[in-house]
Amino acid sequence: MQALLEPTLVYQTGHGQQTRPWVFAGAPGSAGWDTLKWLFLPPDLPMSITLASWNVNSVRARLEQIRDWLYQRPVGVLALQETKVVDADFPREAFGSLGYCTLSSGQPSYNGVALLSRTPLSEPAETAPPSLIQDCRYLSAWIPEGFYLIDIYAPNGESLQSAKFSYKLAWYDQLTTHIESLLPKHPKIALLGDFNIAPADLDVHDPEAWQDSVLTDARARDALRALERLGFRDAFRLMHPAEPIYSWWDYRGAALRRNEGLRIDLILLSQALIPHLQEAGIDTGIRHHTRPSDHVPVWVELEP
DNA sequence: ATGCCAAGCGAGGCTTGA
């Protein structure tokens, strides 16, 4: 088991230089933050970090699998989607014993997002629009590595004719507008989660069969382009421009056996983070475990 | 065209997902 990370702060006082474990739990913008930020946060990434995202389709049903996976890949940050649990019942102790602190935004039965991190998570001072966070599809946090995490579980949309598809497009509009307002102050943003959009035909096992889908529709893909116009890039595609690989396979039929999947779980990095991108991958093997989620974890490695 | 499979809720079968 990995040891719990306990960063040590070195700070200057009237009595000289002192050292203590990391105890500052304030948010950016709170009293003392600016001083601490400049004392303790280097201008660039202080160390390598791996960020991952996984739609687990119920965090309680998948707890043992998540723990097993974290032993194999002890990521710095894990963004979860479809946790399907209220915050009071989120299994934070189970992750705490693995060295992770947790922020969660959950409701009964449906949706729900959570961020796990080995370094302290702080709630950002900026509040997202209520309509963006009301159905537990959006969660943001600061980590002391110096950047902003945004975990999303985008609406699926059901069908092109459905009101849910209009909602999906409106939801993405709000997301993009909100992120645009964050970027001037927070240029380093990792936007990760279940986007419910396959960015290109390469990300779809049978583009013809899926051409009228809410996951591949041009208006949905335009939502990704709006994020690209803000400088975000799909980290996996930057590293692997031509590899057909998927992150989701339908439970039904023989979708997995036939490799009938789509790549809809993404990690987008803002322009300021892209130079730090070292590698990106998708842990497809876990889909073959017993009682799997229908999604698998996706990850990126960032280097100083 | 519809079900296929899985989870929550709650105690049967409905709702939702992608």
Side-chain angles (χ1 to χ4, degrees), chain A residues 53-67 69 79-91 94 104-114 134-138 151-172 175 192-221 223-224 234 244-266 282 284 286-298:
Chain A
S53 173
W54 191 2
N55 179 326
V56 288
N57 186 15
S58 171
V59 68
R60 288 178 292 185
R62 225 64 66 194
L63 189 54
E64 285 311 306
Q65 282 187 48
I66 301 170
R67 291 163 70 143
W69 180 77
L80 301 176
Q81 303 87 36
E82 283 206 85
T83 52
K84 298 187 177 181
V85 64
V86 295
D87 297 333
D89 294 333
F90 191 93
S104 66
S105 169
Q107 63 185 15
S109 302
Y110 305 115
N111 307 342
V113 282
Q134 65 184 359
D135 52 358
C136 302
R137 297 177 178 277
Y138 176 100
D151 178 14
I152 66 161
Y153 171 50
N156 169 271
E158 193 177 38
S159 69
L160 296 179
Q161 299 74 31
S162 167
K164 292 180 182 175
F165 185 62
S166 307
Y167 177 70
K168 177 182 192 172
L169 298 178
W171 189 91
Y172 264 109
L175 176 72
L192 64 177
D194 177 355
F195 283 68
N196 268 315
I197 300 171
D201 283 352
L202 179 60
D203 304 306
V204 183
H205 72 94
D206 185 348
E208 206 170 312
W210 283 85
Q211 66 179 347
D212 295 322
S213 155
V214 291
L215 306 179
T216 62
D217 184 82
R219 287 162 288 179
R221 286 176 171 171
L224 285 184
D234 174 357
I245 187 170
Y246 311 124
S247 68
W248 169 85
W249 296 258
D250 202 318
Y251 282 123
R252 299 168 291 184
L256 181 64
R257 183 171 57 76
R258 296 174 179 156
N259 195 26
E260 294 174 353
L262 282 82
R263 192 174 68 93
I264 54 178
D265 299 273
L266 311 174
I282 305 181
T284 56
I286 206 163
R287 184 66 174 79
H288 295 275
H289 289 196
T290 51
R291 271 189 90 209
S293 168
D294 44 352
H295 298 249
V296 296
V298 302

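Only heavy atoms go into these numbers, but all of them, side chains included; no hydrogens, no water, no symmetry mates. So that the names make sense, note that chain A is the first sequence line, chain B the second, and so on, each numbered from 1.
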A:Glu158 near the nucleic acid: base, sugar-phosphate alone, or nothing, with a heavy-atom cut-off under 4.0 Å? nothing
Out of B:dA7, B:dA18, B:dA6, which has the shortest distance to the side chain of A:Lys84? B:dA7
Tell me whether the side-chain N/O atoms of A:Asn55 come closer than 4.0 Å to OP1 or OP2 in B:dA18. yes
5'-most by nearest nucleotide on DNA chain B - A:Pro292 or A:Leu262: A:Pro292
Please work out if A:Asp265 contacts a base, only the sugar-phosphate, or nothing of the nucleic acid, heavy-atom cut-off 4.0 Å. nothing
Does the plane of the ring in A:Trp248 sit parallel, tilted or perpendicular to the ring in A:His295? Use 30° and 60° as the thresholds. tilted
Looking only at side-chain atoms of A:Ser109, point me to the closest of B:dA18, B:dC9, B:dA7. B:dC9
Rounded to whole Å, the OH-P distance (A:Tyr246 to B:dA18) equals 18 Å
Closest contact, heavy atoms only, A:Val296 versus A:Thr284: CG1-O, 3.9 Å
Distance between P atoms of B:dA1 and B:dA11 (Å, rounded): 36 Å
Please report the distance separating the P of B:dC5 from the corresponding atom of B:dG10, rounded so that it comes out in whole Å. 25 Å
Starting at CG of A:Asp135 and ending at P of B:dT16, how long is that distance when rounded to a whole Å? 13 Å
Integer-rounded Å distance: B:dG17 P and A:Leu215 CG: 12 Å
Describe the nucleic acid contact of A:Tyr153 in one word from base, sugar-phosphate, nothing, applying a heavy-atom distance below 4.0 Å. sugar-phosphate
Provide, to the nearest angstrom, the distance between the CZ atom belonging to A:Arg252 and the P atom belonging to B:dA1. 15 Å
Rounded to the nearest Å, what distance is computed from the CZ atom of residue A:Arg258 to the P atom of nucleotide B:dC4? 16 Å
A:Asp250 CG to B:dT2 P, in whole Å, measures 16 Å
Euclidean distance for C1', B:dC4 against B:dC9 (whole angstrom): 22 Å
Is the distance from OP1 or OP2 of B:dA6 to the nearest side-chain N or O of A:Arg62 less than 4.0 Å? no
Using side-chain contact (heavy atoms from CB on, under 4.5 Å), reason through A:Tyr251 and A:Asn57 one step at a time and then give a plain yes or no. CA-CA 12 Å; A:Tyr251 282 123; A:Asn57 186 15; 3.1 Å; yes
Using the rule side-chain hydrogen bond (donor to acceptor under 3.5 Å, both in side chains), only one of A:Asn196, A:Asp194, A:Asp151 pairs with A:Gln81; which is it? A:Asp151
Rounding to a whole Å, what distance do you find between A:Glu82:CD and B:dG8:C1'? 11 Å
Please report the distance separating the P of B:dG8 from the corresponding atom of B:dA18, rounded so that it comes out in whole Å. 14 Å
Would you say A:Asn57 places a side-chain N or O within less than 4.0 Å of OP1 or OP2 belonging to B:dA6? no
Give a yes/no on whether any side-chain N or O of A:Arg60 is located under 4.0 angstrom from OP1 or OP2 of B:dC9. yes
Just by distance, with hydrogens left out, do A:Asp135 and A:Gln107 show a side-chain donor and acceptor under 3.5 Å apart? no
B:dT2 and B:dA6, which share atom name P, separated by this distance in whole Å: 22 Å
Between CG of A:Leu256 and C1' of B:dA6 the distance, given in whole Å, is 14 Å
Within the structure, does a side-chain N or O atom of A:Arg291 lie under 4.0 Å from either OP1 or OP2 of B:dA7? yes
With respect to the side chain of A:Asp294, which nucleotide from B:dT16, B:dA18, B:dA6 is positioned closest? B:dA18
Shortest non-hydrogen separation from A:Arg221 to A:Val204 and the atoms involved: NH2-CG2, 4.0 Å
Can you find a side chain N or O atom of A:Lys164 that sits less than 4.0 Å from OP1 or OP2 on B:dG17? yes
